[in-house]
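All remarks here apply to the structure that follows.
A, B, ... follow the sequence lines: proteins, then strands. Residue 1 opens every chain.
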Amino acid sequence: MENLEVKIVQADSLEALEKVRIELFGKKGLLAAEFAKMKDIPGPEKKAFAQGLNEKKAALQQAFDARYEVLKAEAVEEMLKAEELDVSLYGTLAQKGALHPVMETMDKIIDYFVALNFSVETGGMIEDDFHNFEALNLPKYHPARDMQDTFYFKDGGLLRTHTSPVQIRTMLKEKPPIRMIAPGTVFRRDYDVTHTPMFHQVEGLVVDEKGKVSFANLKAILTDFLQYMFGDVDVRFRPSFFPFTEPSAEVDISCIFCGGEGCRVCSHTGWIEILGCGIVDPNVFKAVDYEDVSGYAFGLGVERIAMLMHQIPDLRSLFEGDIRLLEQFR
Amino acid sequence: MIVTRSWLNEFIDLSGVSDEKLYETFNAIGLEVDSMEKIEIDPKVVVGKILSCEKHPDADKLNVCKIDVGSGIRQIVCGAANVVDAEYVAVATIGTVLPGDFEIKHAKLRGVESEGMVCASSELGLPETGKGIMILDESIGELEIGKPFGAYPCIADTIIELELTANRGDCLSIYGVARDLSAALNIEMKPFEYKQEERMKLGIARKMDLHTSGEMDADLRYKLATLQHVHSSFLIKLRLAMVKAEADNPLAEILAYATHTTGVILRMYDCASFCSPEEEKVVVSVEAHAEGIIHVHANGKHISIVGVSQSEESKPTVNSREVLIEASYIHPDLLAEAVVNEKIETDDLYYKTSRGSNSDLGFGLGYLAYLMEHNTEVECYEGSMDVEVEREHEKVLVDADEISDIVGMEIELSKIAVVLQKLGFDVTAMNDHQLATKVPLFRHDIKNIQDIAEEIVRIVGINNIPSKPLVFSEKKRLNETSSRYSAKKDLRNRAVGVGFYENISYVFSEKEVLERYGFETTDEALALANPIAEELNTLRSTLLVNMLQAIKRNVSYSKKSIPLFEIGAVFDAERTQTEKIGFVFAGQAERESVTNAGKPPVIDFASFVGKLGGVIGHFDLVPCTFENGLIHPYQSADIVIDGKVCGFVSKLHPSVQEHYDIPVTFIAEIDFDVLMPKHINAKPISKFQGVYKDLSVVIDKNIRYYEVAKVLNGLDLPLLKESYPVDIYTDEKLGENKSLTIRFFIQSMEKTLEESDIEHVMDAIMRALQENFGAELR
Ligand SMILES: [Zn+2]
């Protein structure tokens with residue numbers, strides 16, 4: 001019986017162990033044969049014999065179970081090993097595309113203003129003189145209305161040169177209070193290294209009762225917005241001129257490349273011009289028949305912001321579907 | 001507009017104001033500084049006096065000069081031809097380091113010792129003032145031999161280029177900029193005083209007549225003068241060069257200088273060009289042609305349109321002896337509107353007149369007279385001939401509370417009054433919180449209280465206004481547009497998820513290309529009038545043509561797999577704008593990797609359509625009804641969503657593929673509107689198990705699956721939940737037929753299915769297929 005335990009321990013596979021099991025524990029196995037001897041044992045010794053045999057069986061069972069665990073684990077390991085892969089071969093298989101940085105920047109801008117409860121408004125790209133110019137206090141002879149800058153159609157229609165006509169249309173359609181942004185595609189007849197005939201703008205407009213909306217409010221929201229977009233930057237307001245706002249200002253941020261020390265990007269001024277804004281000119285309100293109201297408006301170029309945020313050097317590359325650029329934004 | 005520090009200093013004392021402060025102030029008051037350049041000159045460059053000048057014994061083009069440079073007399077060889085005319089010059093003495101790290105050392109030029117260099121302006125980093133060396137005169141200040149040249153403020157000047165906004169015509173002169181600075185820096189203006197010397201000839205009326213006809217819109221003032229020995233000073237030349245003003249003779253230089261200084265529009269006419277020696281008088285007739293358009297004739301000859309242009313022949317030359325001098329002012333709005341309406345050609349001065357010139361004609365003429373007196377032998381006829389127009393000055397009632405509301409901070413009335421006065425406004429107090437202002441003519445841009453608020457903001461300083469968040473009424477502001485944006489964003493992210501890159505292309509296309517492929521183009525009557533380039537000469541009616549261009553470019557960048565999508569506007573023949581989403585996929589369907597042994601499959605119909613589904617969700621495909629040159633006639637389909645055809649998917653026509661020289665490409669274009677998310681109600685889900693059953697039938701080869709599907713979907717079998725094709729098989733034995741295997745899912749809402757239920761369904765299906773397609777069980 002002693003070498004039985006050795007047999008168990010020496011079984012080197014689950015199959016070999018199974019053979020040992022049948023030899024030992026099977027109906028015709030060695031243990032069964034031992035137990036069969038019981039009937040020939042005289043009464044007084046029977047108890048001791050049975051006890052000895054049970055102990056022996058338990059010991060063998062324990063040895064068997066232990067060996068089984070070991071061999072089972074080995075078998076699983078072998079099966080797993082057979083499925084081994086060089087996983088490092090597959091890291092580059094992911095096939096995600098990418099959003100366009102301009103659109104992604106536009107999304108980020110829209111998210112900000114929607115979170116501040118601005119409505120999003122839209123309008124067609126083809127406009128008329130009234131909505132694109134006249135109503136915005138840009139009379140026909142205004143210097144900002146150079147024929148060179150605007151795409152016209154033969155019937156007098158034009159491609160909007162800014163998203164401001166959406167302001168006019170929204171004001172004509174709705175009553176104050178108004179709090180809106182108009183993201184959209186705009187057109188200028190200009191094509192060189194720093195100009196494309198089409199680009200994107202987001203325009204904002206807030207209108208409420210007379211005396212309620214001030215320049216100080218404009219400063220508050222735009223400062224917060226620019227810090228949301230660019231992080232911890234300084235924001236500077238400079239008086240400027242736009243026909244549809246008065247007072248008007250241009251807004252600069254401290255240069256994100258040199259931290260204000262002066263570099264090539266900021267023409268060594270330490271500041272980067274980022275958007276235009278102002279208090280809505282009374283002539284604009286007159287054009288839409290609003291009385292006793294006050295408001296502010298602002299407008300920004302999405303390409304410019306995207307290029308600054310992502311350090312994209314070439315404006316025109318944004319309109320060429322260049323995967324070498326786009327795949328960097330995966 | 002370019003100004004210089006020393007030039008401004010003629011009207012405002014800037015001695016206590018640093019360049020940094022000046023820079024800051026300009027930006028703060030809305031006169032944006034484009035550039036600022038401080039001229040620095042080595043102190044070893046000094047004023048020298050030429051004592052003698054002789055030809056170099058061995059070089060024709062060189063002169064040997066003896067020059068007193070204060071510390072001694074130096075022998076200097078000079079190559080400039082004009083040195084012979086010079087008395088005082090700028091001399092770079094030994095040890096001077098000139099721009100470009102050029103050090104002046106002892107030298108021997110063709111055997112002659114030279115101890116220094118006589119300088120041209122550009123050699124010192126100054127702008128070019130003309131050919132040769134600088135010939136100095138007292139215009140820069142008293143000439144002291146040996147004095148460092150850079151010690152003259154007008155030499156070591158600071159040149160500041162301002163970018164003016166379109167409304168600030170008042171700052172198109174040194175005087176105007178100084179006035180704005182005066183208000184911002186709170187420094188009084190220096191008065192300009194000039195008294196013409198008693199050298200007058202006869203009264204002007206003896207020599208000139210002035211006639212007007214029509215309604216006058218312009219102020220005009222004429223003087224007559226005789227001239228001799230016209231020259232302009234070194235300072236005039238230098239400063240004109242600094243501000244990049246061009247003038248081709250001394251008289252033109254003086255005029256340009258006076259205009260740049262005062263902002264008054266000044267012209268000079270050569271009397272000889274219109275007045276023959278026999279004619280005793282200059283007869284000027286001023287005729288209003290239309291509102292804002294005033295023609296000037298002299299002795300019957302057209303000489304100018306006020307504020308717009310001057311005839312070439314009437315311009316004075318170095319030989320002019322008698323000149324008619326004109327100062328003019330016309331309201332810029334009136335002028336600009338008229339010029340645009342009448343399409344009149346304009347000259348350089350029009351830029352100033354159309355943006356608002358200085359209406360103080362007396363100041364302009366006075367300053368010009370002062371310059372002429374110092375630079376020419378001039379004699380003026382006494383008095384002037386004037387046209388004066390009665391003008392209503394704009395009046396604005398300024399309420400301090402209103403200003404405070406606009407700005408968003410408390411601003412006192414007294415402060416407002418001070419600012420406005422400094423800016424040249426007439427101010428009358430009305431009561432404790434209001435004042436009346438009369439707007440000066442040079443600020444034609446100011447018309448209402450908000451314009452006044454802008455002035456206050458400028459001068460008070462925008463950065464001194466506190467930020468204040470706006471309290472705004474609560475209201476839901478989500479609308480159809482915002483839902484559309486968020487739907488679009490989801491869609492774009494899904495497209496990115498299945499591997500597409502977002503493309504943006506111009507909404508323009510080339511008309512000829514669109515037509516070639518059978519896409520519509522804008523009707524001729526509605527077409528683009530001034531396209532910017534041939535390849536962008538019309539509005540696009542499809543996204544795909546531009547996207548093919550993008551594929552072509554990417555192929556040239558060695559890209560092997562080019563998946564792009566674009567959401568954008570397209571326009572039909574009537575120019576109606578709609579939004580579409582386009583997909584293109586060219587080349588390899590996946591990356592090269594070990595899984596495909598470096599030979600990835602090329603994109604095919606099935607995998608392209610699979611990707612589309614990952615973006616736009618479920619759709620059906622039926623034979624293509626779209627017609628255009630990009631479509632492959634045998635691998636194309638209409639995309640049907642909710643029973644509506646909303647776009648197409650196709651293999652790119654091989655001939656187009658060849659034309660663009662790009663790999664196998666698949667394209668799709670879909671109306672964006674149908675992709676907006678829809679409301680969905682859930683259907684009840686059966687608690688009972690269902691079964692899958694396959695049916696293989698033999699049918700005519702030419703029957704398309706969508707026809708089969710239509711029949712199956714039309715069956716009235718509530719237990720039939722779903723059916724889809726799983727196998728298609730043809731061989732020689734089947735001949736003109738094919739074997740089609742369809743899988744069915746059968747399930748009841750009420751009970752566990754029995755074999756007879758299933759049989760009933762399958763029998764009904766088989767019957768329908770037999771009746772409709774003559775199908776036989778395989
Ligand atoms: Zn910088």
Side-chain angles (χ1 to χ4, degrees), chain A residues 89 92-93 95-100 102-103 107 110 114 117-122 124-126 140-141 143-144 151-155 177 179 185 189 191 197-198 206 211 213-217 219-220 223 236-241 246-249 279 281-282 318-324 326, chain B residues 27 29-30 32 165-167 336-337 340 405-409 448 450-451 453-454 457-458 462-463 465-470 472-473 477 479 481-482 485 489 492 496 499-507 525-530 532 550 553-554 557 559 563-564 569 575 577 590-591 593-594:
Chain A
L89 287 171
T92 57
L93 284 187
Q95 294 243 51
K96 190 175 174 282
L99 291 178
H100 196 289
V102 168
M103 289 303 161
D107 291 343
I110 294 171
V114 168
N117 199 12
F118 278 64
S119 71
V120 183
E121 305 289 347
T122 185
M125 295 176 189
I126 299 175
K140 281 228 162 49
Y141 52 87
F151 283 107
Y152 284 100
F153 293 99
K154 288 179 179 166
D155 63 338
R179 190 182 227 197
T185 313
R189 204 173 169 283
Y191 202 7
M198 177 182 116
V206 168
V213 184
S214 72
F215 203 88
N217 301 145
K219 277 190 81 172
T223 305
R236 174 177 87 166
F237 287 72
R238 271 182 299 109
S240 188
F241 169 77
E246 193 93 68
S248 308
I279 296 295
D281 194 289
L318 295 172
F319 296 92
E320 293 184 337
D322 187 342
I323 293 180
R324 298 170 306 175
L326 297 173
Chain B
N27 277 323
I29 61 177
E32 189 182 351
T165 53
N167 60 328
E337 193 170 359
V340 168
D405 279 346
I406 294 167
V407 177
M409 81 189 266
N448 57 44
Q450 284 189 220
D451 296 320
E454 172 156 280
V457 165
R458 280 197 317 122
I462 235 173
N463 289 307
I465 300 171
S467 287
K468 229 190 285 171
L470 174 62
F472 213 70
S473 57
R477 291 196 170 81
N479 57 16
T481 311
S482 39
Y485 261 103
K489 203 164 149 187
R492 287 162 51 225
V496 165
F500 288 98
Y501 292 99
E502 188 173 25
N503 187 57
I504 303 177
S505 58
Y506 298 127
V507 305
L526 303 175
L528 207 53
N530 57 343
I532 196 155
R553 275 192 291 271
N554 279 300
Y557 307 146
K559 289 291 165 192
L564 298 173
R575 241 171 36 200
Q577 179 183 336
E590 55 188 56
R591 292 180 68 133
S593 77
V594 289

Side chain, backbone, both or neither of [X] within contact of chain A (heavy atoms, under 4.5 Å):
X	answer
B/Asn479	side chain
B/Glu337	both
B/Ala525	backbone
B/Ile504	both
B/Asn554	side chain
B/Val496	both
B/Phe500	backbone

Item to complete: Go through the steps for B/Asn27 and A/Arg236 under the test side chain to side chain contact (heavy atoms under 4.5 Å, CB included), then give the verdict.
Response: CA-CA 10 Å; B/Asn27 277 323; A/Arg236 174 177 87 166; 4.1 Å; yes
pair [X]-[Y]: side-chain heavy atoms closer than 4.5 Å:
X	Y	value
A/Met125	B/Val507	yes
B/Arg553	A/Asp322	no
A/Arg324	B/Lys559	yes
B/Arg492	A/Asp107	yes
B/Ser482	A/Ile110	no
A/Pro247	B/Ile406	yes
A/Pro239	B/Glu454	no
B/Gln450	A/Ile279	yes

Discussion item. Could you report the tightest heavy-atom contact between A/Gly211 and B/Asp405, atom names first, then the distance?
Written reply: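 Result for this residue pair: CA-OD2, 3.8 Å.
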Fill in: A/Gly321 to B/Ala550 - nearest heavy-atom pair and separation
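So the two residues come closest at CA-CB, 4.3 Å.
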Practice prompt. Just give me the residue among A/Ser119, A/Ser248, A/Ala98 that pairs up with chain B most often, heavy atom to heavy atom, under 4.5 Å.
Written response: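 Ranked by heavy-atom pairs under 4.5 Å with chain B, first place is A/Ala98.
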Practice prompt. Just give me the residue among A/Thr122, A/Ile323, A/Asp281, A/Leu318 that pairs up with chain B most often, heavy atom to heavy atom, under 4.5 Å.
Written response: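 Highest number of heavy-atom pairs under 4.5 Å: A/Ile323.
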Gap between atom [atom2] of [Y] and atom [atom1] of [X] - 0.5 Å precision:
X	Y	atom1	atom2	value
B/Ile465	A/Ser214	CD1	OG	8.5 Å
B/Ser505	A/Glu320	OG	CD	11.0 Å
A/Ile126	B/Gln577	CD1	CD	6.5 Å

Most chain A-contacting option - heavy-atom pairs closer than 4.5 Å, from [options]:
options	result
B/Met409, B/Glu32, B/Arg458	B/Glu32
B/Asp451, B/Ile29, B/Asn448	B/Asp451
B/Val407, B/Val340, B/Asn503	B/Val407
B/Gly499, B/Pro469, B/Pro466	B/Gly499

Practice prompt. Go through the steps for A/Arg179 and B/Phe472 under the test side chain to side chain contact (heavy atoms under 4.5 Å, CB included), then give the verdict.
Written response: CA-CA 9 Å; A/Arg179 190 182 227 197; B/Phe472 213 70; 3.5 Å; yes
Discussion item. Side chain to side chain contact (heavy atoms under 4.5 Å, CB included), that's the test. Do B/Ile532 and A/Phe151 meet it? Break it down for me.
Written reply: CA-CA 8 Å; B/Ile532 196 155; A/Phe151 283 107; 3.9 Å; yes
Item to complete: May I have the step-by-step check of side chain to side chain contact (heavy atoms under 4.5 Å, CB included) for A/Phe215 and B/Ile462, ending in yes or no?
Response: CA-CA 9 Å; A/Phe215 203 88; B/Ile462 235 173; 3.7 Å; yes
Could you tell me whether the side chain of [X] and the main chain of [Y] form a donor-acceptor pair under 3.5 Å?
X	Y	result
B/Glu502	A/His100	yes
A/Asp155	B/Leu526	no
A/Lys154	B/Leu528	no

Fill in: Over-ring placement of B/Arg575 relative to A/Phe153, 6.0 Å and 45° cut-offs
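Output yes; distance and angle both within limits.
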Item to complete: Classify the ring geometry between B/Tyr506 and A/Phe319 as parallel (under 30°), tilted (30 to 60°) or perpendicular (over 60°).
Response: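 Ring orientation, 0 to 90° scale: parallel.
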